[in-house]
Protein chains: 2
Amino acid sequence: MDQDIIKKIPHKTIERLSQYRRALLICLSQGKTHIFSHEVAEIQHITAVQVRRDLMLIGYSGNLRRGYNIKDLIALIGTIIDSQDGQRVAVFGMGNFGRAISAYFEGRRERLSIVAGFDVNPQKIGTSIAGVPVYHIDRACEIISKEKIKIGIITVPGNQAVETAKIMVDCGIKGILNYSPSPVKVPEDVFLEEYDMITSLEKVAFYVKEH
Amino acid sequence: MDQDIIKKIPHKTIERLSQYRRALLICLSQGKTHIFSHEVAEIQHITAVQVRRDLMLIGYSGNLRRGYNIKDLIALIGTIIDSQDGQRVAVFGMGNFGRAISAYFEGRRERLSIVAGFDVNPQKIGTSIAGVPVYHIDRACEIISKEKIKIGIITVPGNQAVETAKIMVDCGIKGILNYSPSPVKVPEDVFLEEYDMITSLEKVAFYVKEH
DNA sequence: TTTGTCCTGTGAATTGAATAACAAAAACTA
DNA sequence: TAGTTTTTGTTATTCAATTCACAGGACAAA
Ligand SMILES: NC(=O)c1ccc[n+]([C@@H]2O[C@H](COP(=O)([O-])OP(=O)(O)OC[C@H]3O[C@@H](n4cnc5c(N)ncnc54)[C@H](O)[C@@H]3O)[C@@H](O)[C@H]2O)c1
Ligand SMILES: NC(=O)c1ccc[n+]([C@@H]2O[C@H](COP(=O)([O-])OP(=O)(O)OC[C@H]3O[C@@H](n4cnc5c(N)ncnc54)[C@H](O)[C@@H]3O)[C@@H](O)[C@H]2O)c1
């Protein structure tokens with residue numbers, strides 16, 4: 001696919017492509033070969049137009065009578081969002097949340113594997129949590145370069161997040177997923193995604209209370 | 001505050017108010033009494049105009065020379081996003097993630113407390129995980145009504161999410177935070193917020209790979 | 001007093017994303 | 001063959017959120 005086109009795909013479309021792919025994989029495993037936009041839409045609880053527009057943006061054409069070829073579509077989405085030889089990920093802060101994430105991703109996605117965890121707690125250093133080896137944060141640069149890690153997940157306490165992000169950037173991490181409640185700042189060439197669970201829960205609480 | 005105005009506050013503003021409040025509480029604990037929009041903006045890594053606009057929407061006026069009164073602002077945000085007598089929350093699926101969440105919220109926010117967990121694993125029923133009592137999902141309606149629970153967090157495996165959401169709605173839950181990768185559907189009067197970690201991680205991976 | 005600086009508050013313009021609307025293709029129907 | 005149905009692909013429109021641009025207040029210094 002053309003580089004310029006890829007740059008212009010909306011963030012939200014990228015997110016939905018990831019979701020379409022997982023839904024399609026389930027359909028494929030159920031023996032389906034083709035699917036209509038309105039069927040995808042129903043699974044994702046969005047509109048069929050939205051689905052068609054997303055597929056239009058990545059340049060995929062469906063069959064007018066049978067819909068989209070599931071296998072082809074999965075493959076195309078793969079060429080867009082996956083990297084050639086997979087991405088390697090590290091978790092910073094192997095506490096309750098870091099452990100849950102590590103356990104969850106263990107052997108789930110071949111192209112996205114958690115290969116290292118960093119912490120400061122001496123009791124955890126040198127152990128293996130959910131199959132992920134835990135190193136001291138001081139060895140971050142060494143391990144990141146050795147293991148060719150490009151992506152890092154922040155699950156340290158909020159007051160440590162800014163400092164941890166700095167270390168990550170200095171060690172060459174190019175994408176950060178920050179789950180601490182403290183916003184961090186990164187240079188232009190590092191992609192940052194932040195998600196704060198407290199905010200989400202407070203938001204739900206707000207819309208639940210009767211006004 | 002006027003009901004009509006509250007209804008018109010953008011979703012994104014509600015999210016930021018939650019974050020402003022936490023930042024302000026930290027400032028307050030450091031002895032500050034007033035703060036400028038650009039200072040708030042710097043903490044959150046957004047623009048000062050955004051901050052001023054958000055505060056404008058909730059009808060808060062700052063002092064032209066000293067900025068915003070931190071204490072007053074915290075109180076005002078509280079009247080908007082908090083409920084009168086706090087919200088009670090239940091976690092559905094007390095596995096790795098459910099446990100991490102329960103441990104995390106334990107005693108953190110007085111107005112938002114996790115008071116019950118539901119599971120199907122007989123080994124977990126009747127125990128207490130991170131201070132949260134675990135019940136069988138069959139007792140959901142009974143416990144939800146007894147404990148006056150209005151909010152539920154979904155942390156069951158993806159293939160159980162749709163069924164679990166149905167139970168939640170039937171038992172009178174009015175706000176759902178779905179952390180499973182499977183989208184769920186709810187009636188109009190139930191507020192739904194979904195977050196899929198895999199999507200986020202794949203998104204980061206996409207923007208990290210050089211195009 | 002006057003001038004300059006540093007804020008806030010807000011209407012107008014812009015951007016980004018979702019939705020509506022519809023042409024055209026394909027296959028079936030009568 | 002002519003019409004009906006179903007679905008894709010795309011342009012135009014609407015809606016939501018952010019940013020721009022600037023008026024106007026408060027104070028300090030000259
Ligand atoms: N547990 C959850 O469900 C949950 C939910 C929302 C947000 N979070 C956020 O995730 C983060 C972690 O939460 P948790 O519940 O796992 O806490 P936790 O205390 O269980 O884990 C934190 C871990 O980080 C390690 N750590 C501390 N300082 C460090 C540093 N400078 N470098 C590397 N490691 C360091 C600690 O040793 C510990 O192992 C927090 O920021 C929290 O706000 C967690
Ligand atoms: N662990 C993570 O960090 C993580 C990250 C992203 C998403 N998730 C999602 O969160 C969910 C849970 O993940 P996990 O890692 O905690 O898995 P887990 O297997 O550790 O926990 C699932 C729990 O749900 C219970 N359960 C199963 N069916 C149930 C039902 N019908 N009703 C009530 N409880 C039921 C199980 O007994 C188990 O305790 C999954 O949907 C997963 O995709 C988890």
Side-chain angles (χ1 to χ4, degrees), chain A residues 1 4-20 24 27 32-70 72-73 76 183 193-194 199 203 206-207, chain B residues 1 4-20 24 27 32-70 72-73 76 183 191-194 199 203 206-207:
Chain A
M1 254 200 103
D4 293 343
I5 296 173
I6 285 187
K7 285 269 150 87
K8 277 184 201 111
I9 300 176
H11 282 216
K12 291 287 177 69
T13 294
I14 295 294
E15 294 177 12
R16 282 189 297 265
L17 288 174
S18 159
Q19 294 172 334
Y20 295 162
L24 291 170
C27 293
K32 271 178 88 93
T33 62
H34 290 75
I35 194 164
F36 294 122
S37 62
H38 64 84
E39 293 177 296
V40 177
E42 202 173 355
I43 298 170
Q44 302 296 137
H45 303 306
I46 56 177
T47 67
V49 185
Q50 181 80 83
V51 174
R52 291 204 299 276
R53 167 161 292 275
D54 287 336
L55 300 189
M56 184 193 97
L57 288 170
I58 63 170
Y60 187 71
S61 278
N63 180 296
L64 209 41
R65 204 59 195 175
R66 282 178 301 163
Y68 304 95
N69 179 305
I70 295 179
D72 289 356
L73 187 46
L76 178 60
E193 178 88 356
E194 307 199 293
T199 295
K203 183 181 175 188
F206 170 80
Y207 285 103
Chain B
M1 253 200 104
D4 294 342
I5 295 175
I6 285 187
K7 285 268 151 88
K8 277 186 200 109
I9 300 177
H11 281 218
K12 292 287 178 68
T13 294
I14 295 295
E15 294 177 11
R16 283 189 297 265
L17 288 175
S18 159
Q19 295 174 331
Y20 295 162
L24 292 171
C27 292
K32 272 178 86 94
T33 62
H34 290 76
I35 194 165
F36 294 122
S37 62
H38 64 85
E39 293 177 297
V40 177
E42 200 172 358
I43 298 170
Q44 302 297 135
H45 304 305
I46 57 177
T47 68
V49 184
Q50 181 79 84
V51 174
R52 291 203 299 274
R53 178 156 301 270
D54 287 336
L55 299 190
M56 185 191 100
L57 288 170
I58 63 171
Y60 188 70
S61 279
N63 179 295
L64 209 38
R65 203 61 195 175
R66 282 178 301 162
Y68 303 96
N69 180 305
I70 294 179
D72 288 358
L73 187 46
L76 177 60
F191 183 82
L192 173 67
E193 178 88 355
E194 306 199 292
T199 295
K203 183 180 175 189
F206 170 80
Y207 285 103

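Here is how names work: the chains are called A, B, and so on, in the same order as the sequence lines, proteins then strands, and each is numbered from 1.
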Check: [Y] and [X] side chains under 4.5 Å, non-hydrogen atoms:
X	Y	value
A/Y60	A/N69	yes
A/Q50	A/R16	yes
B/V49	B/R52	yes

Take the protein atom [atom1] of [X] and the nucleotide atom [atom2] of [N], then report the distance between them rounded to whole Å.
X	N	atom1	atom2	result
A/I46	C/dT19	CD1	C1'	12 Å
B/Q50	C/dT15	CD	C1'	13 Å
B/H11	D/dA16	NE2	P	10 Å
B/I14	D/dA17	CD1	P	11 Å
B/K12	C/dT15	NZ	C1'	13 Å
A/D54	D/dT8	CG	P	14 Å
B/K8	D/dC15	NZ	C1'	15 Å
A/Q44	C/dA18	CD	P	13 Å

Closest heavy-atom pair and its distance - [X], [Y]:
X	Y	result
B/V51	B/Y20	CA-OH, 3.5 Å
B/C27	B/I43	SG-CD1, 4.0 Å
A/L24	A/I70	O-CG2, 3.6 Å

Are there any protein N/O atoms within less than 3.5 Å of an N/O atom in nucleotides 9-13 of chain C, and if so, which ones and at what distance?
unit_1 : atom_1 : unit_2 : atom_2 : d
C/dG9  : OP1    : B/S61  : OG     : 3.2
C/dG9  : OP1    : B/G62  : N      : 2.7
C/dG9  : OP2    : B/Y68  : OH     : 3.0
C/dG9  : N7     : B/R52  : NE     : 2.8
C/dG9  : O6     : B/R52  : NH2    : 3.0
C/dG11 : N7     : B/R53  : NH2    : 3.4
C/dG11 : O6     : B/R53  : NH2    : 2.4

Selection: residues 34-41 of chain A, any non-hydrogen atom under 4.0 Å of DNA chain D: A/F36, A/S37, A/H38

Non-neighbouring partners of A/H38 that pass ring pair (Phe, Tyr, Trp, His ring centres under 6.0 Å), sequence neighbours left out: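 By the ring pair (Phe, Tyr, Trp, His ring centres under 6.0 Å) rule, A/H38 matches A/F36.
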
B/F191 and A/Y207 aromatic ring geometry - parallel, tilted or perpendicular at 30°/60° bounds: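 Rings of A/Y207 and B/F191: parallel, as their planes differ by under 30°.
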
From C/dA27, D/dA17, D/dT7, nucleotide with atom closest to A/L64 side chain: D/dT7

Out of C/dA26, D/dT19, C/dA18, whichever nucleotide has its closest atom nearest the side chain of A/R65: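 Out of C/dA26, D/dT19, C/dA18, the nucleotide with an atom closest to A/R65's side chain is C/dA26.
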
Heavy-atom neighbours of B/E42 CD exceed 12 at 6.0 Å: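 12 or below, so no.
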
